Amino acid sequence: MEKPLKRSPTVSPKILAKQVKALAKDLGFDVCGIAEAKPFPKQNYFFSWLEQGMAAGMEWLKRNPERRLNPRLVLPGTKRVVVLGTNYYQPQPGHRGKIATYALGKDYHDLLPKRVRQLSDQMNEWGGEQRCYTDTGPVMEKALSAMTSVGWQGKSTMLIHRKHGAWLFLSVILTTLELEFDEPEKDHCGNCTRCMDACPTDAITTNRPYQLDARRCIAYLTIEHKGIIPVEFRKAIGDHLFGCDDCLDVCPWNRWAQETREAGFKPIDRPDLRVMLHWDDATFRNAFRGTPVFRLKRDRWIRNLCVVLGNIGDQEDLWALREVLKREKNEVILDHATWAVDQLEKKFGLAPA
């Protein structure tokens with residue numbers, strides 16, 4: 001790329017925006033868009049979603065929602081929002097039990113913010129004041145991204161890019177710099193309903209597109225939810241251990257998706273489900289430290305293993321689950337292990353042990 005411009009009050013917003021995008025590309029970001037910093041046009045939509053309880057237990061979304069809807073309330077003097085996208089797509093590695101694609105390797109929270117700060121540091125040299133976020137802070141990355149050329153929020157609520165589909169990590173920089181901003185990408189979902197048709201728990205439905213009910217979402221239930229997973233959703237969870245990509249997998253815009261260039265996102269190796277069922281806390285921490293799965297902690301991980309094995313397990317898994325019932329003291333694990341044992345005993349026509 002060209003040598004970054006030095007700070008100068010005479011540099012035009014158009015040239016400065018070009019430099020921001022060039023430097024973003026040089027730092028390894030796959031896409032970059034710039035939006036005018038202004039309040040979101042559909043604020044009532046978000047408040048209605050909260051009032052209906054669709055945020056489930058994600059209490060942080062309910063705190064100071066006005067700030068989330070207006071970048072200028074986060075950083076006074078904000079003029080533009082720079083959106084950065086990093087492709088994370090890769091095929092599933094083929095283990096029993098699925099981990100969402102974004103969480104197969106190292107935690108993006110550890111990899112991406114450093115690069116975002118590098119871009120922000122250069123923008124400081126150009127006279128700007130910035131706030132940087134990668135899935136943190138009081139900003140709505142997808143809604144902000146949809147105000148740029150990066151993509152649009154599909155009926156699944158995921159941000160969709162023409163080339164990378166729905167497989168982008170999103171980072172945001174709020175800046176006081178005057179930059180030329182993009183025209184927003186148009187919505188290209190049309191009459192397609194594949195994401196809604198594919199959702200195992202009807203968290204997104206044809207009568208409520210562009211809106212996700214977290215109370216029914218497998219990603220929420222297997223990650224954010226800390227307690228007992230409602231019985232009504234356990235069979236629908238299928239083999240999803242951590243998160244769910246079903247609505248992403250079927251999106252037609254993913255047909256051009258290319259495997260990520262980021263070595264850090266490559267899947268870490270892990271043993272079979274039955275082996276992990278016997279892990280203690282130290283073993284879990286050693287195996288998943290530095291990955292998104294680590295945030296679950298050991299007990300929620302074992303909870304999820306029990307549900308998945310209850311759905312796809314064999315008779316050896318049944319024996320392992322019975323062992324869980326003998327040794328575990330955690331009530332949440334015991335609830336799910338009991339359910340899983342019951343499912344497999346019925347599956348194989350076996351009497352309770």
Side-chain angles (χ1 to χ4, degrees), residues 1-4 17-35 81-95 98-123 132-136 141-142 144-146 148-154 156 158-173 182 185 188 219 242-270 287-295:
M1 63 167 283
E2 302 173 13
K3 185 177 180 180
K18 182 181 178 182
Q19 284 284 310
V20 167
K21 292 182 178 181
L23 183 54
K25 182 178 180 181
D26 218 40
L27 288 169
F29 293 104
D30 293 291
V31 295
C32 176
I34 300 172
V81 179
V82 178
V83 174
L84 305 161
T86 307
N87 172 35
Y88 67 85
Y89 173 73
Q90 57 195 309
Q92 281 284 326
H95 297 109
K98 293 178 182 175
I99 292 176
T101 303
Y102 83 86
L104 289 171
K106 294 182 179 179
D107 196 336
Y108 61 97
H109 291 96
D110 297 329
L111 294 173
L112 298 181
K114 298 173 185 176
R115 296 178 192 174
V116 178
R117 285 194 296 271
Q118 284 182 273
L119 179 55
S120 177
D121 288 345
Q122 179 58 57
M123 293 167 71
C132 304
Y133 303 99
T134 299
D135 197 24
T136 58
E141 293 92 345
K142 291 184 291 184
L144 288 170
S145 300
T148 74
S149 59
V150 170
W152 70 97
Q153 271 193 275
S156 64
M158 299 301 295
L159 195 285
I160 303 174
H161 183 270
R162 283 175 175 264
K163 176 182 176 182
H164 298 289
W167 308 105
L168 288 176
F169 286 129
L170 299 173
S171 303
V172 169
I173 300 177
D182 308 330
E185 179 64 90
H188 297 286
F242 182 97
C244 177
D245 287 336
D246 286 4
C247 62
L248 285 74
D249 289 334
V250 300
C251 180
W253 286 97
N254 288 331
R255 73 188 74 174
W256 295 288
Q258 299 178 1
E259 193 165 342
T260 180
R261 298 175 295 167
E262 293 292 333
F265 296 154
K266 299 299 182 182
I268 65 165
D269 192 28
R270 57 182 168 93
F288 287 115
R289 183 173 284 107
T291 77
V293 176
F294 187 79
R295 64 183 292 196

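Along the sequence shown, residues are numbered consecutively beginning with 1. Small disclaimer: the values here were computed from a predicted structure and weren't measured.
- The side chain to side chain donor-acceptor pair (under 3.5 Å) search around Ser156 returns none, not counting sequence neighbours.
- Put simply, the side chain of Leu170 reaches to within 4.5 Å of the side chain of Lys142, judged on heavy atoms.
- Summarising the geometry of Arg162 relative to Trp256, their closest heavy-atom pair is O-CE3, 3.7 Å, with the distance given to 0.1 Å.
- Partners of Lys98 under the salt bridge (Lys or Arg N to Asp or Glu O under 4.0 Å) rule, at least two apart in sequence or in another chain, do not exist in this structure.
- Residues meeting the side chain to side chain donor-acceptor pair (under 3.5 Å) test with Ser149, sequence neighbours left out: Asp182.
- Rounding to the nearest 0.5 Å gives a distance of 6.0 Å between CZ of Arg295 and CZ of Phe242.
- With sequence neighbours excluded, the residues satisfying side chain to side chain donor-acceptor pair (under 3.5 Å) with Tyr108 are Asp135.
- Here the shortest heavy-atom pairing between Val116 and Cys132 reads CG1-CB, 3.7 Å.
- Screening residues 247-262 for salt bridge (Lys or Arg N to Asp or Glu O under 4.0 Å) gives Asp30-Arg261, Arg115-Glu262, Glu259-Lys266 as the qualifying pairs, with residues at least two apart or on separate chains.
- Phe169 is listed as a side-chain neighbour of Leu112, based on a closest heavy-atom distance under 4.5 Å.
- Lys163 is linked by a side-chain contact (heavy atoms from CB on, under 4.5 Å) to His161, Gln258, counting only residues two or more places apart in sequence or in another chain.
- Nearest heavy-atom pair, Gly151 versus Glu185, reported as atom, atom and distance to 0.1 Å: O-CB, 3.6 Å.
- The OG1 atom of Thr101 sits 12.0 Å away from the CZ atom of Phe265 when rounded to the nearest 0.5 Å.
- Residue pairs meeting the side-chain hydrogen bond (donor to acceptor under 3.5 Å, both in side chains) criterion with at least one member in residues 83-93: none, sequence neighbours excluded.
- Across all non-hydrogen atoms, the minimal contact from Val20 to Cys32 is CG1-SG, 4.4 Å.
- Here Lys106 contributes atom NZ and Phe294 contributes atom CZ; the two are 15.0 Å apart, rounded to the nearest 0.5 Å.
- The side-chain contact (heavy atoms from CB on, under 4.5 Å) test applied to Ala219 returns Cys217, not counting sequence neighbours.
- Here the side chain of Thr148 pairs a donor or acceptor atom with the backbone of Ser145 at under 3.5 angstrom.
- Summarising the geometry, atom CD1 belonging to Ile34 is positioned 5.0 Å from atom NZ belonging to Lys21; distances are rounded to the nearest 0.5 Å.
- Annotation: side-chain contact (heavy atoms from CB on, under 4.5 Å) contacts of Cys251 (sequence neighbours excluded): Ile160, Trp253, Asn254.
- Nearest heavy atom pair, residue Val82 against residue Met123, reads CG2-CE, 4.0 Å.
- His95 is linked by a side-chain contact (heavy atoms from CB on, under 4.5 Å) to Pro93, Asp269, Arg270, counting only residues two or more places apart in sequence or in another chain.
- Considering only heavy atoms from C-beta on, Gln19 stays 4.5 Å or farther from Gln122 through its side chain.
- Closest of all the heavy-atom pairs between Ser120 and Ile173 is N-CD1, 4.3 Å.
- Partners of Arg117 according to the side chain to side chain donor-acceptor pair (under 3.5 Å) rule, which considers only residues two or more places apart in sequence or in another chain, do not exist here.
- Interatomic distance, CG of Leu168 versus CG of Leu84, reported as 11.0 Å (0.5 Å rounding).
- Of the inter-residue distances, the one linking Leu27 atom CG with Leu119 atom CG reads 6.0 Å to the nearest 0.5 angstrom.
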